[in-house]
Every structure is written in C-alpha cells, then in structure tokens.
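Before any comments, here is the structure.
As a basis for the values below, the full set of heavy atoms in this structure was taken, side chains included, without hydrogen atoms, waters or symmetry mates.
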2 protein chains.
Amino acid sequence: MTTEPDSKRPAGRPRTAVLSRERILETAFTLADVRGGDFTLAALARELGVRPSALHHYFAGKNELIAGMRGQLTTRVGDHGFDSLSWHEAIVPWARAYRQTFGAHPGIIAALATLPVDDEIESIIDYERIAAAMRRDGYPEHRIVPAIVAIESFVIGSALDSLAPEDNLRPVDNARLAPHLTAAEHAARAYASARARSAVDETFEFGLAALVAGLVAATEIDAAEADATGARA
Amino acid sequence: MTTEPDSKRPAGRPRTAVLSRERILETAFTLADVRGGDFTLAALARELGVRPSALHHYFAGKNELIAGMRGQLTTRVGDHGFDSLSWHEAIVPWARAYRQTFGAHPGIIAALATLPVDDEIESIIDYERIAAAMRRDGYPEHRIVPAIVAIESFVIGSALDSLAPEDNLRPVDNARLAPHLTAAEHAARAYASARARSAVDETFEFGLAALVAGLVAATEIDAAEADATGARA
DNA sequence: ACCTGAACACCGTTCAAGT
DNA sequence: ACCTGAACACCGTTCAAGT
C-alpha cells in the first residue's frame, strides 16, 4: 500500500511539499476503512512514507486530525431535499446517508462518536438546514432539537451496532438458553432475506421508520396540548 | 486514591492474594467514572498498588477486562417488570436504566459500545426476557429483534451523546449563521428548565417515547398487512 | 498460585537540526 | 516552511524469577 516503500528522504525541507491536509485526510480514510487496522499516527505516517512528527505540521494532534475527518464526512452526507420535501420525508435518506458514511470507516467511528464536536461549522450548517425545514413545517419549536438529537443518536448507535461481527444477538447454540430470542432471530433473518436485504439494513430501516413516525406523531400530541392550554386561557 | 501509596511489596507470591477479579472490576469502574481519566491498565494497576503485569493473572488482556465490566453493567440494568407489564411499558424504565448505567462511566462507554459482544451470557439473558414479553404480547415475530436492536442503538447513541461537553448543538455566537437552530435550541432549553429537567434528559425521554410509540404503531401496520394477506389467501 | 521486575514492540508529542 | 531524527513519557503484553 505504501507509495514509495524504501525511498529514503534526506533531512531538511523537500523541494516540493510531500504532504498536504488533503493527502493526509485521504490516506487517513483508507486506513480507517479496514476493520482491525489500528488507526494510529504512526501507521498513517508509514502509509504516507513519512515520519510521524511530520504530521504535526498539518494537524496539531490526533484529535484535530479526527475532527478534520469528521468535518469532511459531515459535508459528504450533504443535502437530501429538505427544501422540496417535508422534513420527515427528507430526514430518512439523510439518516441513511449519515449511517452509511460514518459506518464505512469502522476504524474511526468510535473516536468520531466520542470526540467533542464543539461548534464544528459543517455540523452547524447541516443541523441548520434540518431545523429550518422543521420550523417551516410547523414542528413544535421546543421539540426540534430533541428530535434531531434523537435521530442522530439512533444513527450513531446503529453505525456502532453494525460493527459487531455479524449480529450482536446471535445465540449460536443457546437455543435452549434463549428459546424466544432464537425464534425471533430466525424470523427476522428469514424476513430480511425474503426481501433480499441484509438483516442489519432491514433492522435499521425498520427502526428509522418507527422513530420518525413516532416523532411526527409527537407533534400532534403537543399540538393537542397547546390547544387545550389555549382553550383554558 | 491509592490504597497504600508507597508500601513496596517484595517479589514473590504474597501470603494472601492482593487482587481478585471483584476488586479489579470495582477499581476499574471508579477509574472509568472520571471523564478525562485515561482508562489504561497502567493507571488501574497504579490505583491497585500493583504492577500492570499482575492484572494479566485475572484477565487475559484489556479486552477481557472490559468484557467483564460490560457483563457486570448488563446485570446491573436488571429486570424492569417485563412479567407484569406490557413490553412497551417495561421497556421505558429498562432503556432509562440502560442509558444511565452505561452513561455513568464515560471513560469506558466508547470501548463498551465498540467491543464485540459475541455471545455474552448476561446480554443473552437480558434480551431473552424482553423477547419473551414481546412474543407474549403478540408483537410480530420478525420485528422483535429489530425493535430491540433499534432501542439499544438509540440508548447507546444517547449515552455517547450525553458525553458531549454540554450539548452538541450549542451555537455560541453562530446565532447569525444558524438562526433557526439557535431559536429552536433556546426553546428546547426553556421547555426543559420549565419542567425542572436537564436538557439532555428531556431530549432522551422525548426520543425514547417517540421511538417506542413508533415501534408499537408498526405492529398495527404489520398486522393490517398480515390481515390483507390472509384475506387474499 | 500470585506477584515483581525486566524486556519488547509499540504509541503520541516535542523539539532541535537540516535544507 | 517542511521534513528528519532523536528524545521523552507513556502504553499493553510476555515471561523469567522469586516466594
């Protein structure tokens, strides 16, 4: 994988820069793609044919590098028709893309989920787009952020869950220990394969649809509450 | 914090064992409780007044230690009335306890969420209890595991989210950049504080209620589908 | 059996030194 | 400005040596 395996570069500034933020990020993503691959600056430097200390010229440290990756991923998720569709229609492909984009880099997803995001510009823009659509559609003001956070939590949790070897709930020979679970597991597998979908994908789509439907229904409950309060006043 | 700060133990087997799996796990949890505290075997050994290599006598490695912690946490979550209540009533306090139990150890949650769980006995028992209640209540067989996974994903994602400094979506001075988001954020805060709840807790409860409601509603859709299919046959 | 102590192959980060 | 190279304070894990 290494670009130039054994070409030794002398000390001192190279005639033309070997590195760049873009090249580092690009290589970092390929490193994060492999499952067991330890995501270390040392391994990244190796892949780039460079010394680890060279990376600190472009990123203050490992955390800043990961923040840079996160920002790029958020941008990649992109828009999904929030202008032309209702928020609860547009949010489904958005969530799907979110999960797929973050789930595609198993080596980094835990760090991405853990790292403080404080005021990342890409995330703010992303959320603003969704919040604007929800306000336009008359979603209760105080429920907008909770709804977005709920969907994001579900997506992050699902992306983490999809990292499990095959399936978290896989009673291999515990059919005797957990008969109900085993039966349910088989039914779910059969259903997914009948629909020509992977079990994890089918599970994600089902959960996402349920969550969004529940969030929409919560609107109506709140509206009824508001009406009752208004009538009383 | 260290039990015996500078008492040097000579090499060789101590007269009575200094360590035990229980004591190691207990200390490991206190280490995982602190936010920034790096959760390392070295730090754990330091806290126990022992050399790092001594730990390998009780746990094969760091992963096995974390697996042990995970199992203990799962047990702690415990039962929540699945026998006496309907599954969608009992699942709410269960999910609440789940999030609180795992969220109480910020130093370890990412590792807990990431580590493969393959066939952990405590988790199997936990899931079996829920699956049994759902079957009893007539939840569609093929939707049981997806529903459980959806809730678990939401809980894990919420626990991770609650690690963020205060709130992920906190546009400090980006009121101009993200006016809709800022307004929604304020409304959510005001609503939460009016109900004497933290914003994160209010958000979690709202999302959980929506998700469970959506999962229950999905039952009816599936049932209608089944009826239609049955009528056709 | 249960611990120490030394050793090994790693980390991330800092900083002087080279061009 | 941009990289190497050496140094520092760490890791997790293995294993001989002690009692």
Side-chain angles (χ1 to χ4, degrees), chain A residues 2-25 27-28 31-32 34 36-69 107-108 110-111 114-116, chain B residues 2-25 27-28 31-32 34 36-69 107-108 110-111 114-116:
Chain A
T2 313
T3 324
E4 293 158 47
D6 42 9
S7 76
K8 308 249 170 188
R9 206 179 358 265
R13 180 187 188 186
R15 319 186 81 261
T16 94
V18 186
L19 297 174
S20 67
R21 283 182 69 99
E22 291 71 32
R23 198 161 100 80
I24 293 173
L25 284 173
T27 310
L31 241 187
V34 291
D38 50 356
F39 187 79
T40 66
L41 291 187
L44 178 55
R46 237 173 275 131
E47 199 74 15
L48 287 161
V50 123
R51 297 291 182 159
S53 51
L55 298 172
H56 288 81
H57 239 267
Y58 295 86
F59 295 94
K62 197 178 184 180
N63 279 2
E64 211 195 76
L65 169 68
I66 293 174
M69 296 175 73
I108 201 66
T114 305
L115 214 73
Chain B
T2 312
T3 325
E4 293 157 46
D6 44 7
S7 76
K8 306 248 171 190
R9 203 180 359 267
R13 181 187 188 186
R15 316 183 83 262
T16 94
V18 188
L19 296 174
S20 68
R21 284 183 68 98
E22 291 71 33
R23 198 161 99 79
I24 293 172
L25 283 174
T27 311
L31 241 187
V34 291
D38 50 355
F39 186 78
T40 66
L41 292 187
L44 177 56
R46 234 173 276 132
E47 199 76 14
L48 287 161
V50 120
R51 296 292 182 157
S53 50
L55 298 172
H56 288 81
H57 238 268
Y58 295 86
F59 294 94
K62 197 178 184 181
N63 279 1
E64 211 193 76
L65 169 69
I66 293 175
M69 296 176 75
I108 201 66
T114 305
L115 213 73

Query raised in the report: Okay, side chain of B:R23, backbone of B:V18: is any donor-acceptor separation there less than 3.5 Å?
Result: yes
**Report entry** Listed nucleotide nearest any side-chain atom of B:Y58, set C:dG12, C:dC3, D:dC3
**Finding:** C:dC3
Report task. Would you classify B:A17 as touching base, sugar-phosphate or nothing, given that sugar-phosphate means primed atoms plus P, OP1 and OP2, and contacts are heavy atoms under 4.0 Å? Result -> sugar-phosphate
Report task. Any chance you could measure B:E64, atom CD, to B:M69, atom CE, to the nearest 0.5 Å? Result -> 13.5 Å
Query raised in the report: Would you say D:dC3 has OP1 or OP2 under 4.0 Å from some side-chain N or O of A:R9?
Result: no
Query - Gap between atoms CG and P, on B:N63 and D:dC11 respectively (whole Å) - result: 17 Å
Query raised in the report: Paired with D:dT13: which nucleotide, if any, by Watson-Crick or G-U wobble criteria at under 3.5 Å for both distances?
Result: C:dA7
Query - Comparing B:G12 and B:A43 on DNA chain D - which has the more 5′ nearest nucleotide - result: B:A43
Query raised in the report: Does the side chain of B:R46 get closer than 4.0 angstrom to OP1 or OP2 of D:dC11 through an N or O atom?
Result: yes
**Report entry** Whole-Å gap separating P (C:dC11) and CG (B:D38)
**Finding:** 18 Å
Requested in this report: Indicate, with a heavy-atom threshold strictly under 4.0 Å, whether A:F59 touches base, sugar-phosphate, or nothing.
Outcome: nothing
Query raised in the report: Which of the following nucleotides, C:dC3, D:dT14, D:dG5, is nearest to the side chain of B:H56?
Result: D:dT14
Report task. Using only side-chain N and O atoms of A:R51, determine if any of them is under 4.0 Å from OP1 or OP2 of D:dC3. Result -> no
Query raised in the report: Can you check side chain to side chain contact (heavy atoms under 4.5 Å, CB included) on A:L25 and A:L65, steps first, answer last?
Result: CA-CA 8 Å; A:L25 284 173; A:L65 169 68; 4.0 Å; yes
Query raised in the report: Who is the Watson-Crick or G-U wobble partner of D:dT19, with both distances under 3.5 Å?
Result: C:dA1
Report task. Grab the CD-C1' distance between A:E64 and C:dG12 for me, whole Å please. Result -> 14 Å
Requested in this report: Would you indicate which nucleotide in C:dT13, D:dT19, D:dC3 comes nearest to any side-chain atom of B:R13?
Outcome: D:dT19
Query raised in the report: Under 4.5 Å between any side-chain heavy atoms of B:L41 and B:F59, yes or no?
Result: no
Query raised in the report: Considering only side-chain heavy atoms of B:H57, which listed nucleotide, D:dC2, C:dT4, C:dC3, is closest?
Result: C:dC3
Requested in this report: Heavy atoms only: give me the nearest B:T40-B:K62 pair and the separation to one decimal.
Outcome: CA-NZ, 4.2 Å
Report task. Evaluate the side chain to side chain contact (heavy atoms under 4.5 Å, CB included) criterion for residues B:H57 and B:L19: first the C-alpha distance (whole Å), next the side-chain angles of each, then the deciding distance (0.1 Å), finally the verdict. Result -> CA-CA 9 Å; B:H57 238 268; B:L19 296 174; over 6 Å; no
Query raised in the report: Which part of the nucleic acid, if any, lies within contact of B:A54, taking any heavy atom under 4.0 Å across all strands shown: a base, the sugar-phosphate backbone alone, or nothing?
Result: base
Report task. Nearest whole angstrom, please: distance from the P of C:dC11 to the CG of A:L55. Result -> 13 Å
Query raised in the report: Whole Å only: how far is the CZ atom of A:F39 from the C1' atom of C:dC10?
Result: 17 Å
Query raised in the report: Among the nucleotides D:dG12, D:dG5, C:dG5, which one has an atom lying closest to any side-chain atom of A:S53?
Result: D:dG5
Query raised in the report: C:dC3, D:dC15, C:dG12: which one has an atom nearest the side-chain heavy atoms of A:K62?
Result: C:dG12
Query raised in the report: Given D:dT4, C:dT13, D:dC3, which nucleotide is nearest the side-chain atoms of A:L41?
Result: C:dT13
